[in-house]
**Q** 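Take a look at this one; I'll ask things after.
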Amino acid sequence: MDAATAKRAGGLLSPGAADCPVRPWRPTLRDRLPKDLRDAPSGPEFDAVPFTSLYLIEDEWAAEIVNRTVHGVMHIGWVLDPAGGYRGQMAVYCLIRRGVRPTR
């Protein structure tokens with residue numbers, strides 16, 4: 001996916017992201033991580049998608065999105081499988097804000 005397509009998709013999937021960056025009244029989760037994760041590198045920066053990296057360690061990475069409708073975290077990690085190998089696994093955690101009217 002090219003950058004322009006990613007930016008359009010980000011706008012469709014996260015209304016309000018562009019006009020609602022993380023602010024003091026919407027703190028980042030990075031400030032509340034355990035010390036070992038706060039001390040780790042935050043990870044890649046994105047221009048075309050509305051995610052902010054939280055941390056990047058050897059076998060996992062997490063990023064958050066904060067806008068007027070949702071506060072969410074995407075976590076991607078390598079998980080040991082039954083055959084003794086590894087597989088990628090993604091989890092998404094979302095807090096949907098109440099009382100926000102959907103945009104069209």
**Q** Find the distance between CD1 (I96) and NE2 (H71) and round it off to the nearest 0.5 Å.
**A** 11.5 Å

**Q** Can you see which heavy atom on V70 is nearest to which on C94, and at what distance?
**A** CG2-CB, 4.0 Å

**Q** For S53, what residues pass the side-chain hydrogen bond (donor to acceptor under 3.5 Å, both in side chains) criterion, not counting sequence neighbours?
**A** W61

**Q** Can you list every pair that meets salt bridge (charged side-chain N to carboxylate O under 4.0 Å, His left out) and has a residue in residues 34-44, with sequence neighbours left out?
**A** K35-D39

**Q** How would you list, by chain and number, every residue that makes a side-chain hydrogen bond (donor to acceptor under 3.5 Å, both in side chains) with R32, sequence neighbours excluded?
**A** none

**Q** Other members of the hydrophobic cluster containing L95, with the 4.5 Å side-chain heavy-atom rule, please.
**A** none

**Q** Can you tell me how far apart CD (E60) and NE2 (H75) are? Round to the nearest 0.5 Å.
**A** 3.5 Å

**Q** Considering only Ile, Leu, Val, Met, Phe, Trp and Tyr, and joining two whenever side-chain heavy atoms are under 4.5 Å apart, list the other residues clustered with L33.
**A** L29, L37, L54, Y55, I57, V73, Y93

**Q** According to side-chain hydrogen bond (donor to acceptor under 3.5 Å, both in side chains), does anything in residues 77-88 pair up with another residue at least two apart or in another chain? List the pairs.
**A** R87-Q89

**Q** Same cluster or not: are L56 and V92 linked, directly or through other Ile, Leu, Val, Met, Phe, Trp or Tyr residues, by side-chain heavy atoms under 4.5 angstrom apart?
**A** yes

